Asker: 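What follows is a structure written as structure tokens; I'll ask about it next.
Worth saying up front: this structure is predicted, and the values here are computed from it rather than measured.
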Amino acid sequence: MVRKMALSGWRAAACVLAVWVVAASGFGCATTTANSTVPVDRTRLSHEIDWSVNPEGWVDRRHEYTPGGDAGAAEKLAVDEAGWTLGEASFARYPFRGAWRSGEVEVDGGFSDLLPSWNVDAPDRTGLVMDVRVRLAGGAWSEWMEIGRWGDVPYAVGETEFEGGEVAIDVLELDKLADAYEVRARLESRDLDGKASPRLSRVVVLTSTKGATEPVASGTGVRGQRTVIDVPFRAQGVEMPAVSSRICSPTSTSMVMQWAGVDLPTDVNAEGIYDEPYNIFGNWGRAVAWASQHGLRGELRRFRDWGQVRETLEAGQPIIASIRFASGTFPSNVMDATGGHLITLRGITEDGHIIVNDSASRDRGEAIVYARTELAQAWIRNGGVAYIIERGGELAAK
């Protein structure tokens, strides 16, 4: 099997095509007109379902791997408190390689998708490839499938599908439940001096299943204190006009990186996050990896309940949310519709509406308030994926 270059599903649309639907000073990201082609299940539209209370009973399980915690296993790698690097045994043969593995992890109740993220620092001529394999419930292990790469490694893309599912850009989606997984990072250096190495400092794996029997979050988190986080605003069209309609992800990432202490031009961040095989700027895992390349901790999360949203924002942590919505379902938004867009949540009102930096509009996008029920349908209903980029990390020691 070979990697599918024709992307499937709504993720294919994310930050790729645009039709201008806001004012001339606005810049959309995968926007559409009122004659929207965004696929919508009309039987589950909104106003009858409160998507902010996890109505489908999704359960997400998070597993974090660090040298100081669950460290997994390493082959030809050196490890210290800062992470895994190529060890002495790796430099016996060019190109220099070693590997880290989580080990086989069983997941009670099974899972239907797996979303990884990782923190890495890769100097020139170094990089890594992330792989995953799963065991279908009551079945055999799949082959290893590539689910991401980082740094200066050749684009000899590996397997991305098997009979039970496939990697959809940056998440493994399964046709039936799996009950175990294993992730692997293959580190590589092509530095002829044999000195440079990538450093893998953290891996986070999220597994998810819906309709679970165990208790799920029940609080809506609607009422609480008003919180506003001082995240600077950027619009998509200020830099890189040729691709301004495609860079909602790096623009949102740029805002939060600046808030966290790393102030780089949007075009620099966009070039770093760009996913060459898929020709997109909206790869979720690459946005987190880029932030980590600059000394910040980051990970991908899923939000299923408004209580989780409020708790995160009240703790002073911005959220970069992946949304999509059809025409007429999100009246408070600056756009009419979108097949995929990233926005920055930077606050919450007393009654649970969200204060947002939306790069799609230069004039209206800064600190705009989006209605809770509308945003929950556009975001949480569609998986609740978010980037969390934290202050601190290596910067705290500088």
Asker: Only counting residues at least two apart or in another chain, list the ones meeting side-chain hydrogen bond (donor to acceptor under 3.5 Å, both in side chains) with Glu314.
Answerer: Arg310
Asker: Any sub-3.5 Å donor-acceptor pair from Asn119's side-chain atoms to Gly298's backbone N or O?
Answerer: yes
Asker: May I ask you to decide if Ala371's main-chain N or O and Ser332's side chain share a donor-acceptor pair within less than 3.5 Å?
Answerer: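 Between the backbone of Ala371 and the side chain of Ser332 there is a qualifying donor-acceptor contact (under 3.5 Å).
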Asker: Between the main-chain N or O of Asp275 and the side-chain N or O of Asn283, is there a donor-acceptor pair closer than 3.5 Å?
Answerer: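 No; judged by distance alone, with no hydrogens or angles, the pair does not exist.
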Asker: Could you walk me through whether Leu342 and Tyr387 satisfy the side chain to side chain contact (heavy atoms under 4.5 Å, CB included) test, starting with their C-alpha distance in whole Å, then the side-chain angles of each, then the deciding distance to 0.1 Å, before giving a yes or no?
Answerer: CA-CA 10 Å; Leu342 279 298; Tyr387 314 165; 3.9 Å; yes
Asker: Donor-acceptor pair, Ser117 side chain versus Leu300 backbone, under 3.5 Å?
Answerer: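 Yes; at least one donor-acceptor contact below 3.5 Å.
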Asker: Which residues pass the side-chain hydrogen bond (donor to acceptor under 3.5 Å, both in side chains) test with Asn269, sequence neighbours left out?
Answerer: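 So Asn269 forms a side-chain hydrogen bond (donor to acceptor under 3.5 Å, both in side chains) with Ser254, Trp290.
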Asker: Would Gln236 and Cys248 satisfy side chain to side chain contact (heavy atoms under 4.5 Å, CB included), going step by step from the backbone distance to the final call?
Answerer: CA-CA 6 Å; Gln236 290 171 227; Cys248 53; 3.5 Å; yes
Asker: Tell me whether the rings of Tyr274 and Phe281 are parallel (<30°), tilted (30 to 60°) or perpendicular (>60°).
Answerer: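 Rings of Tyr274 and Phe281: tilted, as their planes differ by 30° to 60°.
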Asker: Among all residues two or more places apart in sequence or in another chain, which pass the side chain to side chain contact (heavy atoms under 4.5 Å, CB included) test with Pro116?
Answerer: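 Only Leu114, Trp118, Ile147 meet the side chain to side chain contact (heavy atoms under 4.5 Å, CB included) criterion with Pro116.
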Asker: Could you list all the side-chain hydrogen bond (donor to acceptor under 3.5 Å, both in side chains) pairs where at least one residue sits in residues 73-91, not counting sequence neighbours?
Answerer: Asp80-Arg199
Asker: For a quick test of reading the model, state the closest non-hydrogen atom pair linking Ser249 to Gly282 and the distance between them.
Answerer: CB-CA, 3.9 Å
Asker: Could you give all pairs that pass the salt bridge (Lys or Arg N to Asp or Glu O under 4.0 Å) test and reach residues 122-137, with sequence neighbours left out?
Answerer: Glu104-Arg133, Glu106-Arg135, Asp131-Arg184, Asp131-Arg186, Arg133-Glu182, Arg135-Asp179
Asker: Tell me, please, which residues at least two apart from Lys195 pass side chain to side chain contact (heavy atoms under 4.5 Å, CB included).
Answerer: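 Testing Lys195 for side chain to side chain contact (heavy atoms under 4.5 Å, CB included), a comparison that skips the adjacent residues, returns Asp191, Asp193.
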Asker: Going by side chain to side chain contact (heavy atoms under 4.5 Å, CB included), name the residues that satisfy it together with Phe91, two or more places apart in sequence or in a different chain.
Answerer: Leu86, Phe96
Asker: Under the ring pair (Phe, Tyr, Trp, His ring centres under 6.0 Å) rule, collect the residues that match up with His353, sequence neighbours excluded.
Answerer: none
Asker: Run the side-chain hydrogen bond (donor to acceptor under 3.5 Å, both in side chains) test against Ser252 and tell me which residues pass, sequence neighbours left out.
Answerer: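 Partners of Ser252 by the side-chain hydrogen bond (donor to acceptor under 3.5 Å, both in side chains) criterion come out as none, since no residue qualifies.
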Asker: Show every ring-ring contact (aromatic ring centres under 6.0 Å, His included) that has at least one partner inside residues 358-383, sequence neighbours left out.
Answerer: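 Every pair satisfying ring-ring contact (aromatic ring centres under 6.0 Å, His included) with a residue in residues 358-383: Phe303-Trp379, Phe330-Tyr370.
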Asker: Output, in order, the C-alpha distance, side-chain angles, deciding distance and verdict of side chain to side chain contact (heavy atoms under 4.5 Å, CB included) for Asn333 and Asp358.
Answerer: CA-CA 9 Å; Asn333 200 281; Asp358 192 333; 3.9 Å; yes
Asker: Could you work out, with side-chain hydrogen bond (donor to acceptor under 3.5 Å, both in side chains) as the rule, every residue matching Glu366, not counting sequence neighbours?
Answerer: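 Counting only residues at least two positions away or on another chain, Glu366 forms no side-chain hydrogen bond (donor to acceptor under 3.5 Å, both in side chains).
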Asker: Is there a donor-acceptor pair under 3.5 Å between the side chain of Ser327 and the backbone N or O of Ala337?
Answerer: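 Side chain of Ser327 to backbone of Ala337, a donor-acceptor pair under 3.5 Å: no, none is there.
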Asker: Does the pair Arg391 and Asp230 meet the rule for a salt bridge (charged side-chain N to carboxylate O under 4.0 Å, His left out), with working shown?
Answerer: CA-CA 13 Å; Arg391 277 179 165 158; Asp230 189 20; over 6 Å; no
Asker: Evaluate whether atom CD of Gln317 has more than 12 neighbouring non-hydrogen atoms of other residues, nucleotides or ligands under 6.0 angstrom away.
Answerer: yes
Asker: State yes or no: do Val268 and Phe233 share one hydrophobic cluster built from I, L, V, M, F, W and Y residues joined by side-chain heavy-atom distances below 4.5 Å, directly or via other members?
Answerer: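 Linked within one cluster.
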Asker: Take Val129 and Trp144, measure what side chain to side chain contact (heavy atoms under 4.5 Å, CB included) needs, and give me the verdict at the end.
Answerer: CA-CA 11 Å; Val129 178; Trp144 285 104; over 6 Å; no
Asker: With sequence neighbours left out, write down each residue that passes side chain to side chain contact (heavy atoms under 4.5 Å, CB included) with Ser208, or none if nothing qualifies.
Answerer: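 Ser208 satisfies side chain to side chain contact (heavy atoms under 4.5 Å, CB included) with Trp58, Asp60, Asp113, Arg302, Arg304 only.
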Asker: Any sub-3.5 Å donor-acceptor pair from Glu188's side-chain atoms to Val153's backbone N or O?
Answerer: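 Not a single qualifying donor-acceptor pair exists.
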Asker: If we ignore hydrogens and angles and just use 3.5 Å, is the side chain of Trp100 paired with the main-chain N or O of Ala71 as donor and acceptor?
Answerer: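 Yes: the side chain of Trp100 pairs with the backbone of Ala71.
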Asker: Any donor-acceptor pair under 3.5 Å linking the side chain of Thr227 with the backbone of Leu313?
Answerer: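 No, the answer is negative, given that no donor and acceptor are paired below the 3.5 Å cut-off.
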